[in-house]
Novice: 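Take this structure first; my questions come after.
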Number of protein chains: 2
Amino acid sequence: MQPEQTKQRILAAAAELFGELGFDATSTRDIAARSGVNKALLHYHFGSKDELLAALLDGYYGALTTTLAAAWRQRAHPAEQVQDVVDAYADFLAEHRAFCAIVHREVASGRHVEQIVARTLSVLELRIGWFGEGPTAELMQILTSVYGMVVTYFTYGPVLARLTGADPFAADALQARKRHVRRIVALLFAEMAPDAKGT
Amino acid sequence: MQPEQTKQRILAAAAELFGELGFDATSTRDIAARSGVNKALLHYHFGSKDELLAALLDGYYGALTTTLAAAWRQRAHPAEQVQDVVDAYADFLAEHRAFCAIVHREVASGRHVEQIVARTLSVLELRIGWFGEGPTAELMQILTSVYGMVVTYFTYGPVLARLTGADPFAADALQARKRHVRRIVALLFAEMAPDAKGT
DNA sequence: GGCGGATTTAGGCGATCGCCCAAAAGTTGT
DNA sequence: ACAACTTTTGGGCGATCGCCTAAATCCGCC
């Protein structure tokens with residue numbers, strides 16, 4: 001087997017298990033078993049369990065940066081651009097549920113925060129110049145709120161499923177959620193900078 | 001030492017460590033060491049590590065229910081009541097940072113979800129009749145958003161600290177955050193049900 | 001065809017985990 | 001003072017953890 005294929009198999013299995021059980025609750029033996037490789041290969045290819053997580057996050061953040069940058073370039077007006085980026089972010093989280101769970105849990109644990117902050121910064125960097133000036137306190141509040149609205153929906157997916165009785169990750173539910181968030185974003189930007197609103 | 005005092009010491013140490021390191025990364029020996037009791041006492045008083053977590057969550061959710069119910073009764077108009085409950089919830093999370101971290105992480109891990117859903121339901125139950133009817137899809141979206149806006153601020157506290165360079169848990173920062181959330185809640189309820197808005 | 005490096009394998013080491021046990025110490029009622 | 005019960009203690013069991021080692025296997029190149 002190609003070594004690259006081996007690494008990808010390990011990464012895929014690690015993503016699934018870290019997402020399902022959490023970093024701590026997943027053993028390297030679990031990952032080896034699910035990916036069908038020998039357990040010593042994890043350390044041969046990645047060095048340690050922590051470095052495996054780092055490699056996994058690198059892949060996710062790389063893909064996220066590409067995705068958001070692509071969404072960002074589509075339209076001209078700031079408000080529409082934000083809408084598109086939020087939409088793209090929601091789609092990304094829907095497609096990579098494990099990523100969302102991993103990041104959220106590690107942040108809440110206060111561990112691997114350095115890695116996550118650094119990567120989040122490199123993603124945000126793209127759009128901190130959005131409004132000409134640096135991020136104002138107002139903008140930071142809004143970013144936090146929008147981020148929270150989107151991320152919480154995915155993180156609390158199982159809880160929402162129990163509360164509403166419906167699958168929050170079904171296509172129509174996701175569509176409804178995105179519509180809701182878009183509406184709030186529109187409200188926020190309309191209030192904050194009415195002159196900068198697109199259309 | 002009174003057995004009740006022993007239990008409280010264990011619970012306090014467990015709250016700190018679960019909040020700082022996470023449930024899995026905290027050993028029963030760590031908890032015993034920090035609380036200054038023998039490690040066998042955790043199992044004598046609580047049965048198992050999982051039951052210790054359950055007891056901890058019981059205490060938190062009980063206090064939360066009391067706090068929110070008290071805030072809920074203060075004012076007459078729905079919009080103001082929601083504002084007060086959101087404020088009280090933010091204050092509660094600020095005061096019990098470990099609770100926020102624990103719940104968020106366990107939910108993201110997909111474990112102990114049953115316990116958390118059940119307790120969340122019992123807290124929400126108080127106010128699901130808020131608007132006469134059951135929770136509409138619209139209301140669920142708003143609840144999720146408001147919850148996400150509040151909770152994410154605390155969960156991502158360390159990240160925000162790095163991004164802004166300021167302490168997000170300082171009194172003035174908390175005040176600013178609460179003001180921001182209140183404003184969004186006002187916007188949402190004004191749009192959703194203009195006639196139900198208080199004042 | 002054989003050589004050298006990369007990759008894979010089985011097995012296990014030391015540490016740590018949650019949990020349990022038998023005995024000691026403390027507390028209460030009579 | 002003694003007995004009955006609760007609480008605390010040190011020690012350790014079996015399981016599992018991340019990681020390592022030495023040998024086997026694979027593969028490109030002369």
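Naming convention: chains lettered A, B, ... in sequence-line order (proteins, then strands); numbering from 1 in each chain.
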Novice: Between A:G47 and A:D30, which is nearer to the 5' end of DNA chain D once each is assigned its nearest nucleotide?
Specialist: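 By nearest-heavy-atom nucleotide position, the 5'-most residue is A:D30.
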Novice: For a quick test of reading the model: is some side-chain N or O of B:T6 closer than 4.0 Å to OP1 or OP2 of D:dT8?
Specialist: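 Checking B:T6 against D:dT8: at least one side-chain N or O falls below 4.0 Å of OP1 or OP2.
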Novice: May I ask you to verify if any side-chain N or O of B:S27 is less than 4.0 angstrom from the OP1 or OP2 atom of C:dT16?
Specialist: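 It does not, given that no N or O in the side chain of B:S27 lies less than 4.0 Å from OP1 or OP2 of C:dT16.
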Novice: Taking the cut-offs as 6.0 angstrom to the six-membered ring centre and 45 degrees off its axis, would you call A:R97 and A:F169 a cation-pi pair?
Specialist: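 Positive - A:R97 is close enough to the ring of A:F169 and near enough to its axis.
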Novice: CG of B:L42 versus C1' of D:dT9: gap in Å, rounded?
Specialist: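 Rounding to the nearest Å, CG of B:L42 and C1' of D:dT9 are 13 Å apart.
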Novice: Answer yes or no: side-chain N or O of B:R29 and base N or O of D:dG11 forming a donor-acceptor pair under 3.5 Å.
Specialist: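 Answer is no: no donor-acceptor pair is held.
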Novice: Separation of B:R9 atom CZ from D:dT7 atom C1', in whole Å?
Specialist: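 Going from CZ in B:R9 over to C1' in D:dT7 covers 14 Å.
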Novice: Can you check the A:I31 CD1 to D:dC19 C1' distance for me, whole Å?
Specialist: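 To the nearest whole Å, that distance equals 13 Å.
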Novice: Will you find, in the side chains of B:E51 and B:S48, an N or O donor that is under 3.5 Å from an N or O acceptor?
Specialist: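 Yes.
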Novice: D:dT8, C:dG18, C:dT8: which one has an atom nearest the side-chain heavy atoms of A:L41?
Specialist: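 The closest nucleotide is C:dT8.
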Novice: Do any side-chain nitrogens or oxygens of B:H43 fall under 4.0 Å of OP1 or OP2 in C:dC20?
Specialist: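 Indeed not, no polar side-chain atom of B:H43 lies that close.
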Novice: D:dA22 P sits how many Å from A:Y44 OH, rounded?
Specialist: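 Taking atom P of D:dA22 as the reference, OH of A:Y44 is at 16 Å.
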Novice: Taking atom P of C:dG18 as reference, at what distance in whole Å does atom CZ of B:F23 sit?
Specialist: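 About 8 Å, once rounded to whole Å.
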Novice: In whole angstroms, how far is the P atom of C:dG18 from the NZ atom of B:K39?
Specialist: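 One finds 11 Å between P of C:dG18 and NZ of B:K39, rounded.
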Novice: Name the closest nucleotide to the A:N38 side chain, picking from C:dG12, C:dA10, D:dT8.
Specialist: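 The answer is C:dA10, which lies nearest to the side chain.
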Novice: Please give, in whole Å, the distance from C:dG18 P to B:I10 CD1?
Specialist: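 Those two atoms, CD1 and P, are 14 Å apart.
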Novice: Tell me the closest heavy-atom pair linking A:H180 and B:S145, and the distance in Å.
Specialist: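 Closest pair (atom of A:H180, atom of B:S145, distance): NE2-OG, 2.7 Å.
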Novice: OP1 or OP2 of C:dT8 less than 4.0 angstrom from a side-chain nitrogen or oxygen of A:H45, does that happen here?
Specialist: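 Yes, A:H45 has a side-chain N/O under 4.0 Å of OP1/OP2 on C:dT8.
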Novice: With a 6.0 Å cut-off on the ring centroids, do B:F99 and B:H104 count as close?
Specialist: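 No, too far apart.
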Novice: Compare every heavy atom of A:R119 with every heavy atom of A:Y61, then report the nearest pair and how far apart it is.
Specialist: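 Heavy atoms only, the tightest pair is CD1-CD, 3.2 Å.
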Novice: Round to the nearest Å and state the distance from B:K49 atom NZ to D:dT16 atom P.
Specialist: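 One finds 16 Å between P of D:dT16 and NZ of B:K49, rounded.
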Novice: For the side chain of A:A40, counting heavy atoms from C-beta on, which of D:dC20, C:dC19, D:dC19 is nearest?
Specialist: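 Given the options D:dC20, C:dC19, D:dC19, the side chain of A:A40 is closest to D:dC20.
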